[in-house]
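Just so we're clear, the structure is a prediction, and the values are computed from it rather than from any experiment.
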Amino acid sequence: RGQLVESGGGSVQAGGSLRLSCTASGFTYATVCFTWFRQVPGKGREAVASLYTADGSSPYYADSVKGRFTISLDGAKNTRYTVYLQMDALKPEDTATYYCAADRATIGRVRAGCGVLEGVDFGDWGQGTQVIVSS
């Protein structure tokens with residue numbers, strides 16, 4: 001099991017940008033799914049962006065953030081990764097707590113877009129970072 005620590009949340013006006021970071025350590029799998037989720041109190045969790053650590057793989061995005069959010073990965077060093085979520089053109093409806101999740105990139109998880117195309121379970125979660133977008 002690995003550890004995930006998010007940072008970079010905050011308050012911003014609509015149209016602004018924020019970059020979230022997720023520092024991941026202890027993941028020894030050959031390939032790993034990393035997914036950013038968000039959740040608003042009283043609503044279900046939404047997977048907004050994901051990628052997996054295989055050469056040539058493409059990221060996945062929820063329709064709600066496509067064209068505005070970008071997920072990227074800073075390469076592994078001794079099983080330590082940093083996963084970023086660049087959020088541009090933010091809208092008030094992007095207000096949520098954002099969580100980083102990770103687990104082995106099994107065939108099932110990859111087919112599910114690491115949780116963006118279909119719901120899948122993740123074994124490791126960060127503590128979350130809050131994003132507030134004001135109009």
Side-chain angles (χ1 to χ4, degrees):
R1 297 291 290 270
Q3 291 188 324
L4 301 165
V5 179
E6 302 99 333
S7 61
S11 297
V12 66
Q13 289 195 321
S17 298
L18 282 173
R19 188 175 80 157
L20 306 183
S21 299
C22 172
T23 301
S25 58
F27 289 91
T28 58
Y29 307 125
T31 52
V32 183
C33 267
F34 289 104
T35 301
W36 284 98
F37 288 83
R38 65 186 181 187
Q39 189 166 24
V40 176
K43 294 190 178 180
R45 199 158 43 197
E46 179 189 16
V48 297
S50 68
L51 53 74
Y52 62 101
T53 60
D55 291 341
S57 64
S58 298
Y60 298 93
Y61 297 98
D63 288 343
S64 58
V65 306
K66 205 170 288 184
R68 301 187 298 120
F69 289 13
T70 304
I71 187 171
S72 61
L73 175 72
D74 196 2
K77 293 180 182 177
N78 298 322
T79 74
R80 187 179 177 91
Y81 303 84
T82 302
V83 185
Y84 300 100
L85 185 67
Q86 177 66 40
M87 306 187 295
D88 298 318
L90 282 162
K91 304 175 181 179
E93 51 263 45
D94 295 319
T95 295
T97 300
Y98 284 72
Y99 298 89
C100 179
D103 211 323
R104 184 195 303 267
T106 60
I107 291 174
R109 286 198 179 94
V110 171
R111 285 178 177 166
C114 294
V116 172
L117 302 180
E118 282 181 42
V120 293
D121 292 331
F122 281 83
D124 293 290
W125 293 83
Q127 81 288 352
T129 186
Q130 191 168 32
V131 171
I132 298 172
V133 184
S134 57
S135 56

Search all heavy atoms of [X] against all heavy atoms of [Y] and return the closest pair with its distance.
X    : Y    : value
L4   : A24  : CD2-CB, 3.4 Å
A112 : V120 : CB-CG1, 3.5 Å
G8   : L18  : O-CD2, 4.0 Å

(request) Hydrophobic side-chain clustering at under 4.5 Å (ILVMFWY, transitive links): who's grouped with I132? Put none if nobody. (result)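 Direct or chained contacts put I132 with none.
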(request) Each residue besides Y84 in its hydrophobic cluster should be listed here, by chain and number; the cluster joins Ile, Leu, Val, Met, Phe, Trp and Tyr at side-chain heavy-atom distances under 4.5 Å. (result)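 Result for Y84 is none, singleton.
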(request) Inspect the surroundings of CD in Q3 and state if more than 12 heavy atoms from other residues, nucleotides or ligands are less than 6.0 Å away. (result)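 No, because the 6.0 Å sphere around CD of Q3 holds 12 heavy atoms or fewer from other groups.
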(message) Are there over 12 heavy-atom neighbours, none belonging to E93, within less than 6.0 Å of that residue's CD?
(response) yes
(message) Measuring from atom CD of Q13 to atom OG of S135, what distance do you get when rounded to the nearest 0.5 angstrom?
(response) 9.0 Å
(request) Could you grab the distance from atom CG of D124 to atom CZ of F27, nearest 0.5 Å is fine? (result)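 That separation rounds to 4.0 Å.
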Exercise answer: donor-acceptor pairs, residues 47-57 side-chain atoms, under 3.5 Å, sequence neighbours excluded:
{"unit_1": "S50", "atom_1": "OG", "unit_2": "G113", "atom_2": "O", "d": "2.7"}
{"unit_1": "T53", "atom_1": "OG1", "unit_2": "V32", "atom_2": "N", "d": "2.8"}
{"unit_1": "S57", "atom_1": "OG", "unit_2": "Y52", "atom_2": "O", "d": "2.8"}
{"unit_1": "S57", "atom_1": "OG", "unit_2": "A54", "atom_2": "O", "d": "2.8"}

Quick one: does [X]'s side chain get under 4.5 Å of [Y]'s, heavy atoms only?
X    : Y    : answer
E6   : L20  : no
Q127 : V5   : yes
Y60  : T35  : no
F37  : F122 : yes

(request) Could you name each residue pair satisfying side chain to side chain donor-acceptor pair (under 3.5 Å) that touches residues 18-30, not counting sequence neighbours? (result)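 Those involving residues 18-30 do not exist here.
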(message) Does anything in residues 94-107 form a side chain to side chain donor-acceptor pair (under 3.5 Å)? List the pairs, not counting sequence neighbours.
(response)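 Residue pairs passing side chain to side chain donor-acceptor pair (under 3.5 Å), neighbours aside: R38-D94, R38-Y98, R68-D94, D103-R109.
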(request) With sequence neighbours excluded, give me every disulfide (SG to SG under 2.5 Å) pair touching residues 10-44. (result) C22-C100, C33-C114
(message) Hydrophobic cluster membership, with links at side-chain heavy-atom distances under 4.5 Å among I/L/V/M/F/W/Y: are F34 and M87 in one?
(response) yes
(request) Treating Ile, Leu, Val, Met, Phe, Trp and Tyr as nodes and any side-chain heavy-atom pair under 4.5 angstrom as an edge, say whether W36 and W125 lie in one connected cluster. (result) no
